[in-house]
S.K.: 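A single structure is presented below for examination.
Treat the numbers as computed from the prediction; the structure is a model and nothing was measured. We count ligands from 1, going down the list as the structure has it; atoms in each ligand are counted the same way.
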Amino acid sequence: MAFAVSSIMLFFLLVLLPLSATAQPYGNVTLGSSITANNANSTWLSPSGEFAFGFQQIIRGGYLLAIWFNKIPERTIVWSANRDNPVQAGSKVQLFADGRFELSDPRGHRIWATPLSLGGVAYGAMLDTGNFVLANTNSVVLWQSFDEPTDTLLPTQTLNQDGTLVSSFSKTNFSSGRFIFRLQNNGDLVSCTRNFPMDDIIFPYWSTKTVDSGFQVIFNQSGYIFLVAKNGSILNFVSSTSASTSQFYQRAMLEYDGVLRHYVYPKSANSAGGRAMAWSTMHFIPSNICSSIKQSRGGGACGFNSLCSFGTDQMPKCECPIGYSFIDPNDRMSDCKPDFAQQSCNEETHETDLFSFNDMPNTDWPLSDSAYFQQVTEEWCREVCLNDCFCTVALYRDGNCWKKRYPLSNGRVDDNIGGKALIKIRNSNATADSSGSKKSKRSILIITGSVFLGSSMFLNFLLLSFICLYAFCFSQQKSKVIQALQVLPGLNIRRFSFKELQGATNGFWEELGRGAYSTVYKGIIKNDNTETVVAVKKLHKMATEGEEEFKAEVSSISRTNHKNLVQLLGYCDEDQNRLLVYEFMSNGSLANFLFENSRANWYKRLQIAFATARGIRYLHEECKNQIIHCDIKPRNVLLDESFTAKISDFGIAKLLKPDQSRTTTGIRGTKGYIAPEWFRNMPITVKVDVYSFGILLLELICCRRNYERKVEAESEMILADFAYDCYKEGTMHLLVANDDEEALNDKRFDKFVMIAIWCIQEDPELRPTMKRVLQLMEGSVEVPIPPDPASSITSI
Ligand SMILES: *[C@@H]1O[C@H](CO)[C@@H](O)[C@H](O)[C@H]1NC(C)=O
Ligand SMILES: *[C@@H]1O[C@H](CO)[C@@H](O)[C@H](O)[C@H]1NC(C)=O
Ligand SMILES: *[C@@H]1O[C@H](CO)[C@@H](O)[C@H](O)[C@H]1NC(C)=O
Ligand SMILES: *[C@@H]1O[C@H](CO)[C@@H](O)[C@H](O)[C@H]1NC(C)=O
Ligand SMILES: *[C@@H]1O[C@H](CO)[C@@H](O)[C@H](O)[C@H]1NC(C)=O
Ligand SMILES: *[C@@H]1O[C@H](CO)[C@@H](O)[C@H](O)[C@H]1NC(C)=O
């Protein structure tokens, strides 16, 4: 019985509510009144002064026609007429004599208005509930702001079917944003992602599941928010608080992050009872928005490629993964873009050696899968993603491997996820900037221009021929434009005085390395405000060398430009002193990396193999003047700060003794890496480098030196021989340590051993070219069965 009575009372209350809202005829806005956006004090206040209606400046020169809490310093906006279209100073809102209520810009264009059909408006009023009303002479409300909510509900406000809150775009941008809270006309109350910038819904991430029964959302005077059925029974409590509306300001707001929060603010220090004089959250829905949103379209709770985590402060936080950054740095809900060029799908390069993975535990981007594999190892998972130019992330969990495609959506970080996401990033973004092309071209002009004006005839000639050669080289490499543009060697090459280099190296103090023909020192070159760390190579006395020849060779070296070659920055040829200045490679030589530290990761080793092969291919085939290195070995492969391999000392062979490319004396190479033809009466060709590369490749695969005395059996001492024996007997696993599982599990392992055996054929004719070697390594060509390296030569 009591229930029936209270229901009936509630029913009356609901029906009569619009009328009861008329009951505060105080501080009337009379017909003809207007306010203009520019005077801070021109507002219409509610009788208590708690709410104001007027213009609030939200951005420089941009005003919202709004209602706000007027007695708190934040002046929190609860409603606005023109959120998507802020107006300039001088705009005006006016209640016309005929009852039209309009906002117009300074030129008189209408920006917003109440419906024209309202007849008999007698006055307007800002009520103490925060509701602005237009009423007739009988105080019947004809229009009210409560019926057109923006993102906020206030106590005594109701949300009827089709009533919608749309979140702001961001904390500071009040434009319509990415989320919707709506009582649908089927009765379901939902929070959804919005199909920005359209108003339709993509994905409901919270719902009362009240299809066919939900009728109205009520925010009552006691601070309860609930959904009722048509007969008045309560279907769902959205929120409630013990804080009374007499002591606390209250509001429920769908915020820019998609969370509906019920806030309270003490009206006075007395009522605060120790609480801060600030808005505090009483309740919020959904409980974890990061895990609630899983949509097939759109980015998710955060933008594309972004990651959502729900912290202890109960706020969702959007962050870009390492290597990515926000498209709009001021909008943390925006998409994340990679800070590097995407992996090339060019069949020839594939760039697999230029990418590696960052491990991110408990991270997932559900619904972005492009492939799924079961019962695989993590290494297998990494490799399959690395070799797929469309794979952006691999997810590995308990033997399962998912490949994820770009752009990634619904990203989240959460302890419940388990496993780890492996996000693919370019090792160094130094070569990635395609916008660099314009810049670089212009800098050629500037540099050449200024140099022509201020240098000697000889240098001009050198430069001119160099520019032509550069252009030639460049036109041959259209597909590699991106890699090649970063620095323009040679154009930047500088001639140093001996004194300068003496100063830069602090009197040749810190020795980096020493070879038969040169010693290398660390130095610092100061230029304006920048300091560049360099390696200064001091060539030991070269008896017969002429100055011109030295210059010619230096310019030939400087003309090379490849990401896998160490860059020459300058030179010095003063008196008897011959020095070369190179970029400094912070991670030392491959020899250190391979033999002196703990065993290097298999994939890293493969990357280095690819990089070295590309560098040699460039020297042999891709530039105008073919360069035979003559001394390929781990000491001459250096690693930069991101462990990208770069070949050093190329071109030196010629500097040391001119015209030696077909010499039969004066062996330049290093023992162990030297091709047999050096010892025979045979011409020296690029194939000597292929031989040395073959040895280096074996060392990379097996992680040991070609010649090693401390081995179990004598047959293992020389790696090249040992490798072929193992290959012949099908025991190639003996080549690597038992626990080098990554190598042993890689199906390419055998293939790489076979390629190395091809490279170390004693007959140079049988060795593949470097171009071919790369095709074999990349898998675009099958590796044929290699013959015994020594067999061919025995008959010669
Ligand atoms: C507001 O206007 C209505 C209708 O004209 C009138 O009944 C009421 O007294 C007015 N209130 C005030 C405070 O002027
Ligand atoms: C607004 O009103 C306050 C208090 O009445 C006054 O101190 C202030 O100068 C006024 N500001 C403007 C812009 O008129
Ligand atoms: C607010 O966001 C909207 C939607 O992206 C954008 O069009 C508008 O320029 C932004 N306004 C400001 C002031 O940044
Ligand atoms: C009110 O309506 C709801 C849903 O439509 C229904 O479940 C409930 O039984 C009704 N209650 C009464 C008292 O009619
Ligand atoms: C608000 O709703 C709650 C829950 O139904 C109820 O207990 C309370 O009495 C209501 N307050 C008012 C003023 O209607
Ligand atoms: C890419 O380069 C920028 C600027 O040089 C640097 O701040 C950033 O850390 C680099 N990113 C990676 C992944 O190396």
S.K.: Do R405 and S370 pair up side chain to side chain, a donor and an acceptor below 3.5 Å, judged on atom types alone?
M.R.: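 No, S370 and R405 have no side-chain donor paired with an acceptor closer than 3.5 Å.
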
S.K.: I need the atoms of ligand 5 closer than 4.0 Å to a non-hydrogen atom of N220, numbered in the order shown.
M.R.: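 Close to N220: 1 (C), 2 (O), 3 (C), 8 (C), 10 (C), 11 (N), 12 (C), 14 (O).
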
S.K.: Would you mind listing which atoms of ligand 5 come within a distance below 4.0 Å of any non-hydrogen atom of S222?
M.R.: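 Taking each heavy atom of S222 in turn, ligand 5 has 1 (C), 8 (C), 10 (C), 11 (N), 12 (C), 13 (C) under 4.0 Å.
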
S.K.: Go through the steps to decide whether Q161 and N185 satisfy the test side-chain hydrogen bond (donor to acceptor under 3.5 Å, both in side chains), and finish with yes or no.
M.R.: CA-CA 5 Å; Q161 288 192 348; N185 58 14; over 6 Å; no

S.K.: Take atom 11 (N) of ligand 3 and look for protein heavy atoms under 4.0 Å from it; say yes if you find one, no if not.
M.R.: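 Answer yes: something from the protein, a heavy atom, is under 4.0 Å.
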
S.K.: Heavy-atom count check: over 12 atoms from other residues, nucleotides or ligands less than 6.0 Å from E148 CD?
M.R.: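 More than 12 heavy atoms, drawn from other residues, nucleotides or ligands, come within 6.0 Å of this atom.
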
S.K.: Would you tell me which option among N173, D331, I59 has the nearest heavy-atom contact to atom 14 (O) of ligand 3?
M.R.: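 The residue whose heavy atom sits nearest atom 14 (O) of ligand 3 is N173.
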
S.K.: Hey, can you tell me if F101 and F132 have their rings parallel, tilted or perpendicular (30° and 60° cut-offs)?
M.R.: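 Plane angle under 30°, so parallel.
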
S.K.: Which ligand 5 atoms are under 4.0 Å away from a heavy-atom of I234?
M.R.: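 Those qualifying, in numeric order: 5 (O).
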
S.K.: If you count the atoms of ligand 5 from 1 in the order shown, which ones are under 4.0 Å from a heavy atom of F226?
M.R.: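 The list of qualifying atoms is 2 (O).
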
S.K.: Below 4.0 angstrom, N of the basic side chain to O of the carboxylate: do D331 and R178 qualify?
M.R.: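 R178 and D331: salt-bridged.
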
S.K.: Suppose I only count heavy atoms of A229 and a 4.0 Å limit; which atoms of ligand 4 are within that range?
M.R.: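 Listed by number with element: 2 (O).
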
S.K.: Mind telling me whether F169 and F196 have parallel, tilted or perpendicular rings, with 30° and 60° as the class edges?
M.R.: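 F196 and F169: tilted rings.
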
S.K.: Do any nitrogen or oxygen atoms of D212 come within less than 3.5 Å of a nitrogen or oxygen of ligand 4?
M.R.: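 No: no nitrogen or oxygen of D212 is under 3.5 Å from one in ligand 4.
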
